[in-house]
There are 2 protein chains.
Amino acid sequence: MMKTSEQEWLFLFEALANPIRLKIIASLHGKRKYVSELAREVGISRPLLYMHLQRLEKGGLVIGNLELSEDGKAVKYFELTDFNFHLTPQTIAEAVKGL
Amino acid sequence: MMKTSEQEWLFLFEALANPIRLKIIASLHGKRKYVSELAREVGISRPLLYMHLQRLEKGGLVIGNLELSEDGKAVKYFELTDFNFHLTPQTIAEAVKGL
DNA sequence: CTGACATGTAAGAATATTATTACACACGAA
DNA sequence: TTCGTGTGTAATAATATTCTTACATGTCAG
């Protein structure tokens, strides 16, 4: 959960810099969901959702887990990590030092 | 300093989602600078810097101030706002509610 | 064996962001 | 008046992101 390099911070910010991805985070808040379910809920195509989930995962905001449901079907669940970041001029200045 | 709408949060994240802009923030940390000075320091062209400063300003991270120096020349100074944001699943979920 | 779900990816189109180049103008010093 | 410094913008090129479409796979229920 602790970001060490500037690159990691960048991935975080890039992940957050999109309205659909914010919506995904909000939708995942409190309840994990599987991909198709989430695509219906957010109202976008599944391939598009995959792209967004990848970016969110890269930013360390969500984590995916492929499971086999009772009836033998593969289902991939996504849930939020419990991230907690503090943004101030200082934290950002420190992040850039490691450039 | 308090973000109320999702749009404002988005502007903030978009402002942060770029390595040059992080560098600008770091460079402005502790000391305000004028545009040409900052361009030299960060190592980019002035027109490009303008674009980045606009985005940073839109995100509420910096503020510009056009002044007349003693010798009558117009000089535009930029400085950091003292922002302070807290990022958790909850704060983001709340931001999206106002959609 | 077909239909209804699920996972996943590849290729290309559409759009947005980033970067460069070429302009304008103003002031003071040489 | 020319040079060096500062301001600012418009037009375009280069690149990256976002989105769509079309595919391929698998399981279960009917």
Query raised in the report: Can you check the Lys33(A) NZ to dA6(C) P distance for me, whole Å?
Result: 14 Å

Query - Leu10(A) CG - dT17(C) P separation (whole Å) - result: 16 Å

Report summary line: Winner on side-chain proximity to Pro47(A), out of dT18(C), dT9(C), dT7(C), is dT9(C)

**Report entry** Spacing of Glu67(A) atom CD relative to dT7(C) atom C1', expressed in whole Å
**Finding:** 14 Å

Requested in this report: Would you classify Arg55(B) as touching base, sugar-phosphate or nothing, given that sugar-phosphate means primed atoms plus P, OP1 and OP2, and contacts are heavy atoms under 4.0 Å?
Outcome: sugar-phosphate

Query raised in the report: Within the structure, does a side-chain N or O atom of His52(B) lie under 4.0 Å from either OP1 or OP2 of dT17(C)?
Result: no

Query - Nucleotide range of DNA chain D lying under 4.0 Å from chain A heavy atoms - result: dT17(D) to dC28(D)

**Report entry** Upstream residue (5' side of DNA chain D) when Ala74(B) and Lys73(A) are each assigned their closest nucleotide
**Finding:** Ala74(B)

Query raised in the report: Crowded around Ile63(A) CD1? As in, over 12 foreign heavy atoms under 6.0 Å?
Result: no

Requested in this report: Please report, rounded to the nearest Å, how far the C1' atom of dC25(C) is from the CG atom of Leu66(B).
Outcome: 13 Å

Requested in this report: Find out whether Ile24(B) and Leu61(B) are in side-chain contact, i.e. whether some heavy atom of one side chain is under 4.5 Å from a heavy atom of the other.
Outcome: no

Query raised in the report: Between Tyr34(B) and Val62(B), is there a shared hydrophobic cluster once you connect ILVMFWY residues whose side-chain heavy atoms come closer than 4.5 Å?
Result: no

Requested in this report: Report which part of the nucleic acid Lys76(B) touches: base, sugar-phosphate, or nothing (heavy-atom distance under 4.0 Å, all strands).
Outcome: sugar-phosphate

Report task. Between Arg46(A) and Gly72(A), name the one whose nearest nucleotide on DNA chain D is closer to the 5' end. Result -> Arg46(A)

Report task. Specify whether Phe13(B) and Trp9(B) have parallel, tilted or perpendicular ring planes, treating 30° as the upper limit for parallel and 60° as the lower limit for perpendicular. Result -> tilted

Query raised in the report: For Leu53(B) and dT18(C), what is the distance between atoms CG and P respectively, to the nearest whole Å?
Result: 13 Å

Query raised in the report: With a 4.5 Å limit on heavy-atom distance, are the side chains of His52(B) and Ile44(B) in contact?
Result: yes

Report task. Indicate yes or no for a side-chain donor-acceptor contact from Arg32(B) to the backbone of Tyr77(B) under 3.5 Å, with no hydrogens or angles considered. Result -> no

Report task. Using a heavy-atom cut-off of under 4.0 Å over every strand shown, decide if Ile44(A) touches base, sugar-phosphate, or nothing. Result -> nothing

Requested in this report: Rounded off to whole Å, could you give me the CD-to-P distance for the Glu57(A) and dG8(C) pair?
Outcome: 10 Å

Report summary line: Glu14(B) atom CD is separated from dT18(C) atom C1', nearest whole Å, by 14 Å

**Report entry** Residues Glu41(B), Lys31(B): salt bridge by 4.0 Å N-O rule
**Finding:** no

Report summary line: Whole-Å distance, Tyr34(A) OH to dA4(C) P, equals 16 Å

